[in-house]
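Below is one structure, written out as C-alpha cells, with a few remarks after it.
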Amino acid sequence: MLGLGVDRLRADMNRLLAMLFHQGVLDEQFLQLQQLQDESSPNFVSEVVNIYFHESEKLLRNLRELLMDREFSDYKKMGTHLNQFMGSSSSIGAKRIRNVCVAFRAASEHNNRAGCLRALEVLEHEYCYLKNKLHELFQIEQQRVLAAGVRYPMQNN
C-alpha cells in the first residue's frame with residue numbers, strides 16, 4: 001500500500017512538471033538543476049529556487065518603484081534590473097519569465113513607459129504562477145520523500 005502512495009506522488013510530480021514544460025513555463029535548465037540534487041543535498045533544487053524567489057521579489061519591487069516614480073527616466077537602471085532577472089530566471093529554467101523580461105527590456109530600450117507598465121504586469125503574473133506551481137511541486141516531492149521513508153513495524157501474529 002505504501003509503495004502505491006509513493007508511486008502516485010511521483011506520477012503527480014511528473015504530470016505537473018510535464019504540464020509546466022508543455023506550457024513553456026520551464027525549460028531543460030530546470031532538469032539540469034534537478035540532476036545536481038543528490039543524497040548529500042536532497043533539498044538543493046528547492047533551496048536554489050527559494051533564493052531565486054527571494055531575489056526576484058526584490059527585483060520586482062525595484063522595477064515597480066522605478067515605474068511608479070512620476071519623474072522616472074532611468075531606463076538604463078531598469079535594464080540592469082531586467083538583465084539580473086533574465087539571468088537568474090535562465091539559471092533555474094524559468095523560460096516564460098525570461099521571455100517576458102526580453103520583451104520588457106525591449107520596451108525599456110525604447111523608453112516606452114506604457115509598454116514597461118504592461119510588461120511589469122505580465123511579469124508579476126508569470127512570477128506568481130511559477131512560484132505557486134513550484135511550491136506545489138516541492139510540496140508533492142516532500143510528501144513523496146516522507147511517504148517513502150515511513151516504515152511500519154511488522155505485526156506479530
Side-chain angles (χ1 to χ4, degrees), residues 1-68 77-105 108 116-157:
M1 184 72 170
L2 185 59
L4 294 176
V6 171
D7 290 342
R8 183 187 55 78
L9 290 167
R10 184 174 284 114
D12 289 348
M13 284 176 58
N14 289 338
R15 269 192 295 279
L16 179 55
L17 272 175
M19 180 191 76
L20 293 173
F21 280 95
H22 179 73
Q23 293 174 340
V25 173
L26 294 175
D27 65 19
E28 63 281 347
Q29 183 62 35
F30 187 79
L31 295 176
Q32 291 177 8
L33 192 63
Q34 285 184 311
Q35 290 173 353
L36 296 174
Q37 184 166 293
D38 59 19
E39 297 83 33
S40 67
S41 57
N43 300 317
F44 178 75
V45 175
S46 65
E47 289 170 1
V48 169
V49 169
N50 282 325
I51 292 168
Y52 166 80
F53 288 148
H54 180 74
E55 293 303 313
S56 295
E57 287 181 20
K58 282 192 235 176
L59 290 168
L60 284 169
R61 191 169 40 252
N62 290 341
L63 289 166
R64 178 152 295 285
E65 286 173 5
L66 282 172
L67 282 168
M68 292 302 110
K77 188 173 187 177
M78 183 176 293
T80 301
H81 291 315
L82 288 166
N83 285 338
Q84 286 178 293
F85 211 163
M86 274 192 311
S88 60
S89 297
S90 292
S91 71
I92 69 153
K95 181 180 178 180
R96 273 199 339 211
I97 288 179
R98 184 193 64 232
N99 292 344
V100 172
C101 286
V102 169
F104 195 156
R105 189 175 61 185
S108 74
C116 288
L117 286 166
R118 281 191 304 277
L120 179 61
E121 280 184 40
V122 174
L123 185 58
E124 289 173 332
H125 171 79
E126 289 296 334
Y127 171 78
C128 287
Y129 184 76
L130 176 71
K131 187 173 182 178
N132 289 334
K133 290 302 177 186
L134 288 183
H135 276 307
E136 183 181 339
L137 180 72
F138 296 145
Q139 284 177 335
I140 296 169
E141 183 176 19
Q142 199 170 39
Q143 290 171 1
R144 183 190 60 77
V145 168
L146 288 173
V150 172
R151 299 286 180 257
Y152 294 101
M154 297 290 284
Q155 289 185 341
N156 294 334
N157 289 336

*Any sub-3.5 Å donor-acceptor pair from S89's side-chain atoms to M86's backbone N or O?*
no

*How many angstroms lie between SG in C116 and CE in M78, if you round to the nearest 0.5 Å?*
4.5 Å

*Please answer whether the main-chain N or O of L120 pairs with a side-chain N or O of R64 as donor and acceptor at a distance below 3.5 Å.*
no

*Are the side chains of L82 and S108 in touch, meaning some heavy atoms are under 4.5 Å apart?*
yes

_Using 0.5 Å steps for rounding, measure from the CD atom of E57 to the CD atom of E124._
10.5 Å

_Ignoring hydrogens, what is the shortest heavy-atom contact between F85 and Y127? Give both atom names and the distance._
CZ-CD1, 4.4 Å

*asked:* Just checking Q142: does its CD atom have more than 12 heavy atoms from other residues, nucleotides or ligands closer to it than 6.0 angstrom?
replied: no

*asked:* Could you go through Y52 and V48, starting from their C-alpha distance and side-chain angles, then the distance that decides it, and tell me whether this counts as side chain to side chain contact (heavy atoms under 4.5 Å, CB included)?
replied: CA-CA 6 Å; Y52 166 80; V48 169; 5.7 Å; no

_Worked verdict on L33 versus F44 for side chain to side chain contact (heavy atoms under 4.5 Å, CB included)_ = CA-CA 8 Å; L33 192 63; F44 178 75; 3.7 Å; yes

*asked:* Test your reading of the model: is there a side-chain donor-acceptor pair from Q29 to the backbone of S90, 3.5 Å cut-off?
replied: no

_salt bridge (charged side-chain N to carboxylate O under 4.0 Å, His left out) partner of D27, chosen from K95, R96, R98_ = R98

*Please assess M19 against L26 for the test side chain to side chain contact (heavy atoms under 4.5 Å, CB included), listing each intermediate value before the final yes or no.*
CA-CA 9 Å; M19 180 191 76; L26 294 175; over 6 Å; no

*asked:* Can you confirm whether Q139 sits close enough to L9 that some side-chain heavy atom of one is under 4.5 Å from a side-chain heavy atom of the other?
replied: no

*asked:* Salt bridge check, R118 against E121: does any charged N sit closer than 4.0 Å to a carboxylate O?
replied: no

*asked:* Quick one, V45 and F138 - any side-chain contact, counting heavy atoms below 4.5 Å?
replied: yes

*Identify the two heavy atoms, one from C101 and one from L123, that lie closest to each other, and give their separation to 0.1 Å.*
SG-CD1, 4.0 Å

*Identify the residue among I97, L134, L20 that makes a side chain to side chain contact (heavy atoms under 4.5 Å, CB included) with Y129.*
L20

_Measuring from atom OG of S46 to atom CD of E141, what distance do you get when rounded to the nearest 0.5 angstrom?_
7.0 Å

*What's the shortest heavy-atom distance between I92 and F30, and which atoms?*
O-CD1, 3.3 Å

*Starting at CG of D12, measure out to CG of L17 and round the result to the nearest 0.5 Å.*
11.5 Å

*In Å and rounded to the nearest 0.5 Å, what is the CD to NE2 distance from Q84 to H81?*
7.0 Å

*Between CG on residue L16 and CG on residue L137, distance to nearest 0.5 Å*: 5.5 Å

